[in-house]
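For the numbers below, each heavy atom of this structure counts, side chains included, while hydrogens, waters and symmetry mates do not.
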Amino acid sequence: MIRRLFYMTLGASLAVWVMRKLEALKPEHVARRTADHLRDFAGDVRAGAATRENELRAQHGLGTVGHRTTDYDVKDGR
């Protein structure tokens with residue numbers, strides 16, 4: 001009797017685990033995860049580009065982006 005209860009519980013737990021794993025493979029879920037990863041990657045790229053731009057501006061004495069003391073404005077061409 002206890003053995004049957006153990007195997008029934010084990011089977012039910014295994015079924016729930018498999019169902020959750022299969023649900024993670026649905027196209028909507030995969031698309032949402034992919035979009036989240038791409039959004040994070042794009043943010044990292046923008047942050048790295050801004051850091052590098054500030055390094056180059058400092059190296060060439062042009063001021064930093066995001067501050068009022070910039071000596072060079074790309075839009076105005078100064």
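- In terms of the side chain to side chain donor-acceptor pair (under 3.5 Å) criterion, R46 has no residue partners (sequence neighbours excluded).
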Between side-chain atoms of residues 10-35 and protein atoms elsewhere (two or more places apart, or another chain), which donor-acceptor pairs fall under 3.5 Å?
unit_1	atom_1	unit_2	atom_2	d
S13	OG	T9	O	2.9
H29	ND1	R32	NH2	2.9
T34	OG1	V30	O	2.8

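- Every residue was checked against the side chain to side chain donor-acceptor pair (under 3.5 Å) condition with D44, not counting sequence neighbours, and none meets it.
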